[in-house]
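Notes for the one structure printed next.
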Amino acid sequence: MKVVFLGPPGAGKGTQVEIISSRYNIPKIVMGDILRSEVNRGTELGKIVRQYMEKGELVPDEIILQIIEKHIKGLDSFILDGFPRTLNQAKGLEKITKIDRVVYIDVPDEEVKRRLLARGRMDDKPEVIENRLRVYKEQTQPLIDYYESKGILVRVDGVGSVEEVTGRIERALGLKG
Ligand code: B4P
């Protein structure tokens with residue numbers, strides 16, 4: 001199964017992908033973690049990436065597509081977290097492989113802001129969170145319609161306990177009755 005998780009920053013994609021990936025033994029590819037690892041190791045790529053992440057901007061599509069191609073190679077089952085985030089990335093992905101399902105985790109803005117402020121990662125500052133939400137609405141939200149028109153989108157309510165949301169995702173993916 002090839003699955004994409006979509007949703008606003010702080011929707012709980014990372015949290016849910018971790019659970020589904022380990023429970024069903026499906027490899028996960030977490031774009032945010034890959035990028036943060038480059039930044040923390042101070043690589044040439046990390047130095048470029050850092051400038052975007054610090055401001056809550058998206059890293060350029062060409063860089064992201066090169067990374068994803070390398071990680072997807074040879075896998076016939078995976079979960080993508082945090083990719084694609086633009087229409088251009090989604091079209092790039094189609095050239096590499098065919099996605100079976102897209103899980104959209106729906107969480108209102110106020111709840112997302114509350115969660116991110118409580119988490120307090122390097123890019124979880126109030127002004128950066130506002131910018132990430134703005135970037136999400138402009139660049140990532142159009143993907144919801146895009147995947148819906150392809151008939152592969154499933155919507156999941158992301159408000160509730162972590163276990164409740166996991167149960168909804170498992171049912172949406174047909175992993176559990
Ligand atoms: P990401 O690392 O993907 O970060 P995110 O969207 O903010 O987090 P996520 O939705 O996974 O939330 P989480 O589960 O952690 O991206 C960071 C940056 O990297 C981007 O801004 C961009 O600069 C760059 N980037 C990444 N991918 C890119 C791409 N494809 N193209 C270009 N740039 C890219 O949950 C958040 C918090 O909520 C946690 O503290 C969690 O404990 C809590 N939580 C989770 N579920 C909950 C629940 N049910 N109830 C209450 N709290 C919950």
Side-chain angles (χ1 to χ4, degrees), residues 3-22 28-40 45-72 78-94 96 99 102-144 146-147 156-170:
V3 186
V4 164
F5 273 60
L6 202 64
K13 299 182 294 289
T15 306
Q16 296 298 335
V17 164
E18 178 61 40
I19 297 171
I20 301 287
S21 163
S22 58
K28 64 176 164 59
I29 299 162
V30 182
M31 187 51 76
D33 287 354
I34 295 170
L35 297 176
R36 274 185 290 277
S37 151
E38 295 287 342
V39 171
N40 293 338
L45 178 60
K47 285 179 197 150
I48 299 169
V49 163
R50 180 182 201 116
Q51 300 164 27
Y52 294 93
M53 289 182 91
E54 275 178 350
K55 293 189 223 137
E57 298 291 335
L58 294 182
V59 176
D61 289 339
E62 312 83 74
I63 296 180
I64 298 290
L65 281 165
Q66 274 175 25
I67 295 176
I68 209 75
E69 187 152 17
K70 210 166 69 189
H71 281 80
I72 280 182
F78 55 73
I79 304 177
L80 297 179
D81 170 4
F83 174 89
R85 262 179 151 103
T86 67
L87 218 42
N88 201 23
Q89 290 180 11
K91 292 187 174 155
L93 176 62
E94 265 158 35
I96 309 173
I99 297 300
V102 177
V103 177
Y104 165 50
I105 307 185
D106 192 6
V107 176
D109 284 7
E110 288 315 308
E111 172 67 7
V112 154
K113 286 182 205 165
R114 200 185 57 72
R115 288 182 190 181
L116 294 178
L117 283 172
R119 179 174 65 181
R121 204 171 62 194
M122 100 180 169
D123 55 347
D124 291 337
K125 303 184 188 88
E127 65 283 6
V128 180
I129 292 172
E130 287 295 341
N131 197 38
R132 281 157 65 200
L133 275 169
R134 191 182 55 75
V135 168
Y136 169 77
K137 286 190 179 138
E138 283 172 16
Q139 308 206 44
T140 309
Q141 214 157 287
L143 292 180
I144 299 168
Y146 180 74
Y147 284 122
V156 170
D157 178 5
V159 180
S161 70
V162 169
E163 304 86 84
E164 279 166 347
V165 178
T166 305
R168 290 174 199 148
I169 293 170
E170 288 174 321

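The chain is numbered in sequence order, starting from 1. Just follow the structure's listing: the first ligand is 1, and inside any ligand the first atom is 1.
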> Below 4.0 angstrom, N of the basic side chain to O of the carboxylate: do Glu130 and Arg134 qualify?
Replying inline: no
> Can Glu38 and Arg50 be counted as an ion pair, charged N to O under 4.0 angstrom?
Replying inline: no
Has the side chain of [X] got a donor or acceptor atom that lies under 3.5 Å from a matching backbone atom of [Y]?
{"X": "Arg119", "Y": "Arg114", "result": "no"}
{"X": "Gln16", "Y": "Val162", "result": "yes"}
{"X": "Gln139", "Y": "Tyr136", "result": "no"}

>> With a 4.0 Å heavy-atom cut-off, what residues sit around ligand 1?
In response: Pro8, Pro9, Gly10, Ala11, Gly12, Lys13, Gly14, Thr15, Met31, Gly32, Leu35, Arg36, Met53, Glu57, Leu58, Val59, Ile64, Gly82, Phe83, Arg85, Gln89, Arg115, Arg119, Arg121, Asp123, Arg132, Gly160, Ser161, Val162
>> For Glu69, give me all partners under side chain to side chain contact (heavy atoms under 4.5 Å, CB included), at least two apart in sequence or on another chain.
In response: Ile96
